Amino acid sequence: MGSLREEALAYEPQTTLNIADLTAVPIDDLNLIHEEKEDSEGHPYSQNIVVIDGKRYRVPATVLEGIQTIIRLKPEVKNVKVIKSGEGKLTKYKVEPLE
């Protein structure tokens, strides 16, 4: 442990990134974690995340559906790329196989 100053300068708040932030997503090597949370108004919601190198990435249900479709068409696929477009409720995800 360092001084309060050193710790404050090194501090990074824990955030949840998005699976689309990754260049490739290995579909066999990641464990999906289901979390129950509350929004700022106290309403419950759930989310799926994966943890890679200590960073948390949110995995929307539509991404899981996209991966499922790819596996059915190409069972041998090992990695996918998730492409995000739009913002907020208009966000859309496209999942593409890699390799």
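Heads up: numbering here begins at 1 and tracks the sequence. A quick note: this is a predicted structure, and the numbers were derived from the prediction, not measured.
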Item to check | Expected output: side-chain K92 to main-chain E87 donor-acceptor under 3.5 Å | outcome: no
Item to check | Among T69, V95, V59, the one residue meeting side-chain contact (heavy atoms from CB on, under 4.5 Å) with L64 | outcome: V59
Checklist entry - Do you reckon L73 sits in the same ILVMFWY cluster as I27, going by side-chain contacts under 4.5 Å, direct or chained? => result no
Next on the checklist: Taking V63 as the starting point, is it possible to reach L90 by hopping between hydrophobic residues whose side chains are less than 4.5 Å apart?
Outcome noted: no
Item to check | Atom pair OG1/CD1 of T62 and I67 - distance to nearest 0.5 Å | outcome: 10.0 Å
Item to check | Nearest-0.5 Å distance that lies between atom CG in L98 and atom CD1 in I70 | outcome: 8.5 Å
Checklist entry - Would the number of heavy atoms belonging to other residues, nucleotides or ligands and lying under 6.0 Å from CG of L4 be above 12? => result no
Checklist entry - Has K81 got more than 12 heavy atoms of other residues, nucleotides or ligands less than 6.0 Å from its NZ? => result yes
Next on the checklist: Taking side-chain hydrogen bond (donor to acceptor under 3.5 Å, both in side chains) as the definition, give me every residue that meets it alongside E96, ordered by chain and number, with sequence neighbours left out.
Outcome noted: K94
Checklist entry - Around E76, counting heavy atoms of other residues, nucleotides and ligands shown, do more than 12 lie under 6.0 Å from its CD? => result yes
Checklist outcome for this item: The side-chain contact (heavy atoms from CB on, under 4.5 Å) partner of R56 among I49, I33, L17 is I49
Checklist entry - Do L32 and V51 share a hydrophobic cluster, counting only Ile, Leu, Val, Met, Phe, Trp and Tyr and linking them when any side-chain heavy atoms are less than 4.5 Å apart? => result no
Next on the checklist: If I compare all heavy atoms of V77 with all of P97, which pair ends up nearest, and what's the gap?
Outcome noted: CG2-CB, 3.7 Å
Checklist entry - Between atom CD1 of I19 and atom CG of L30, what is the distance when rounded to the nearest 0.5 Å? => result 6.5 Å
Checklist entry - Does any non-hydrogen side-chain atom of N18 lie less than 4.5 Å from one of Y93? => result yes
Next on the checklist: Restricting to non-hydrogen atoms, name the atom on G2 and the atom on E7 that form the minimum distance, rounded to 0.1 Å.
Outcome noted: N-OE2, 3.0 Å
Item to check | Approximate separation, where rounding is to 0.5 Å, of S46 OG and E35 CD | outcome: 10.0 Å
Next on the checklist: Would you compute the distance between atom NZ of K55 and atom CG of D21 and round it to the nearest 0.5 angstrom?
Outcome noted: 9.5 Å
